[in-house]
2 protein chains.
Amino acid sequence: MAVTIKDVAKMAGVSISTVSRVINNSKPVSSDIRDQVLRVIKETGYVPNPVARSLVTKKSNIIGVIVPDISSLFVGDLLSGIEEIGRMYEYDIFLCNTYGESERELKYINLLKSKAVAGIIFVSEKLEKPQIDLVKESQIPSVYISKNAKDFDVYSIGIDHKQASYDMTHYFINKGKKKIAFLRASVEDNIEDSERYKGYKKALEDSGIDLDKSLVLQGDSTNESGYRIVEMLIEKGNIPEAIFASSDELAVGALNALLDNRINVPKDVSIAGYDDTRIASMIRPSLTVIKQPIYDMGAVAARIIVKLIDNQDVEEKYIILPHTLIERQSS
Amino acid sequence: MAVTIKDVAKMAGVSISTVSRVINNSKPVSSDIRDQVLRVIKETGYVPNPVARSLVTKKSNIIGVIVPDISSLFVGDLLSGIEEIGRMYEYDIFLCNTYGESERELKYINLLKSKAVAGIIFVSEKLEKPQIDLVKESQIPSVYISKNAKDFDVYSIGIDHKQASYDMTHYFINKGKKKIAFLRASVEDNIEDSERYKGYKKALEDSGIDLDKSLVLQGDSTNESGYRIVEMLIEKGNIPEAIFASSDELAVGALNALLDNRINVPKDVSIAGYDDTRIASMIRPSLTVIKQPIYDMGAVAARIIVKLIDNQDVEEKYIILPHTLIERQSS
DNA sequence: CTGAAAGCGCTAACAC
DNA sequence: GTGTTAGCGCTTTCAG
């Protein structure tokens, strides 16, 4: 059996309250007694039982992190950032994988609630009201990372997707491209509502280029989907001058479809991705991308959660981190 | 305040022990009373407090997972497998990221111990005795995933690395290659001890090919490292006919170094990777690889842990899953 | 500044 | 079959 606060108290010849006070620094303790207690703690290797502690305080030092897919590069980087900062403040990570299913998201929120987690970081492809309401109801501090987080009154981290998308489209236009395809991972919602689409559209408008609906394409987030879509374009002979995909994987799929059909990238067609996950710089030709500061987004999310837990002020609700356009070989 | 067992007991007109009995099925309860209790539970939406429960049983339904790097594709897939099976048995995942540092590994083992996790799945580049001893001492059921797990008396999951490595080397030899480089991510240990190296060496021996030490190369696990090493080989004019890298990322780095120096793959040089992470099929030329069933390894690890927790028999300590050689464009 | 005691929500003897 | 009760290890009033 591990040593408990009782043992320490007995060995130090004080009451357990005193021991509790020194380990929590919750109330003044005369320095000689404090030293005595500290010595016993060191000798015995005593570690407070977090479960018992959590039972009485109704708090834990656990941050619940809900993600749609652990095995994605994006989420991996995000988790690194969260973990790193979380650990700095002595918080641990409780991981929930939802596969993007709303039902599972709800289930996990309830679970985290019952675990009395100190905070929740919620990562989702697309936020929905029921989930947000459930979290709000729980009163647990929360931060969101999602494309549409700014549609809700919640703390969130993101980049300016519309601007980023505008930048990339504009970059292509500047390079003399007119026929620019927009490849997007659909999430059952209206494409018109998508920030990225808005940025793309606006850039075309500002340059007086007509939007060609046959070049606005929806897939899912996999590279296979990007492959199929571009292959279809090729079959139809509707080959664009540039392809702007809304994720790196989608871009890789598009790239492979072109290469496999002996279409040169970037000579015949330019390609750009979105996110700058590790793969973007690993493939050849390497991908021109909009870089999202993914690790930083995780780190900032963790920082915010910690602040919220400590009741500190958080300047803004919707934090926008800077994005960058990274030019590589694919354009 | 959430509803507690007390509230349920009062509303159902029974004692809290009875309520406890029905939620745990721990002792017989007459069916009418059981129904009554169940109804109140449903009405109130009562959920037992896992913290309180854990305090008295000294157990939780949490599996602690210690990994070297969450953001790696390998670990991501592994986690998917663990999570999926874990969830099936109602276990949750507590995530610990060590960056491969022994000190942090030890710290986390202690943490998991104090959290009273039900089991530990330990993923590491290279297992060391102190860590294993600490886990054993804790009496917590544990499963290991690591190249050198079989050097210890622990439950572990893996593939037959020596055979896999033999297979790949043999494959190259069969294709008429004689000058086969072996690229390896070193982990400060003696390369001679590495199973993969042994397989490589044996395949050469069996075919009467002399081992050329200038083609046995060590890097770290990044693609940059693979890039540098192969670049160096090119500078020296010591270009092999085939390169067998001990990870996909390493192989990608090697591949890029060749492509960037206008050396054709697979015409001039063949390349093979190891693991079959998602990137292997995403790049062009796609990578010939030894496929480790990563997801399955995670799933099996979770299954074993659950069995150990339930004191069920586990047939073997060291479980070897089948590997496959997948031939793609790079060879 | 320190100790005694109540209680967090639950399980598990122990009685009846 | 069911209820009473003693903790699990800790924090936190409340006295002193």
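Letters A, B, ... are given to chains in the order of the sequence lines, protein chains preceding strands, and every chain is numbered from 1.
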Please report the distance, rounded to the nearest Å, between CG in B:Asn49 and P in C:dC10. 5 Å
Which of D:dC10, D:dG1, C:dT11 is nearest the side chain of B:Ser30? It is D:dG1
Return yes if a side-chain donor-acceptor contact under 3.5 Å exists between B:Asn24 and B:Arg53, otherwise no. yes
Taking atom P of D:dG9 as reference, at what distance in whole Å does atom NZ of A:Lys59 sit? 24 Å
Tell me which nucleotide among C:dG9, D:dT2, D:dC10 gets nearest to the side chain of A:Leu55. C:dG9
How many whole angstroms separate atom CZ of A:Arg53 from atom C1' of D:dG9? 11 Å
Do the two ring centres, one from B:Phe122 and one from B:Tyr144, sit under 6.0 Å apart? yes
Any side-chain N or O of B:Ser15 under 4.0 Å from OP1/OP2 of D:dG3? yes
On DNA chain D, nearest-nucleotide positions of B:Pro28 versus B:Val56: which is more 5'? B:Pro28
Closest to the side chain of A:Thr18, out of D:dC10, C:dG3, C:dG9, is C:dG3
Under 3.5 Å, is there any donor-acceptor pair linking the side chain of B:Arg21 to the base of D:dG3? yes
Could you check how far NZ of B:Lys6 sits from C1' of C:dT11, rounded to whole Å? 15 Å
Examine the side chains of A:Ser102 and A:Glu128 and answer whether a donor and an acceptor come within less than 3.5 Å of each other. yes
To the nearest Å, how far apart are A:Asp7 CG and D:dC8 C1'? 13 Å
Any idea which of C:dC10, D:dT11, D:dT13 is nearest the A:Asn24 side chain? D:dT11
Looking at A:Lys307 and A:Glu315, is any side-chain nitrogen of the basic one under 4.0 Å from a carboxylate oxygen of the acidic one? yes
Residues A:Glu84 and B:Tyr99: side-chain donor-acceptor under 3.5 angstrom: yes
Closest-nucleotide ordering on DNA chain C, the 5'-leading residue of A:Ile16 and A:Val29: A:Val29
Is the shortest side-chain N/O distance from A:Ser20 to OP1 or OP2 of D:dC10 below 4.0 Å? no
Report the distance from atom CG of A:Asn25 to atom C1' of D:dT11, rounded to the nearest whole Å. 14 Å
Could you check whether B:Ser17 gets within reach of a base, just the sugar-phosphate, or nothing at all, counting any heavy atom under 4.0 Å? base
Measure from the side-chain heavy atoms of B:Lys58 and tell me the nearest of D:dC8, C:dT2, C:dG9. D:dC8
Expressed in angstrom and rounded to an integer, what is the separation of A:Asn61 atom CG from D:dT11 atom P? 12 Å
If you look at every strand shown and take non-hydrogen atoms under 4.0 Å, does A:Val14 touch a base, only sugar-phosphate, or nothing? sugar-phosphate
Base, sugar-phosphate, or nothing: which does A:Ile33 touch, judged by heavy atoms less than 4.0 Å apart? sugar-phosphate
I need the single residue from B:Val3, B:Val37, B:Val40, B:Val19 that forms a side-chain contact (heavy atoms from CB on, under 4.5 Å) with B:Met11. Which is it? B:Val40
From C-beta outward on A:Thr57, which listed nucleotide comes closest to its side chain: D:dC10, D:dT12, C:dT11? D:dT12
In whole angstroms, the gap separating P of C:dG9 from NZ of A:Lys115 amounts to 16 Å
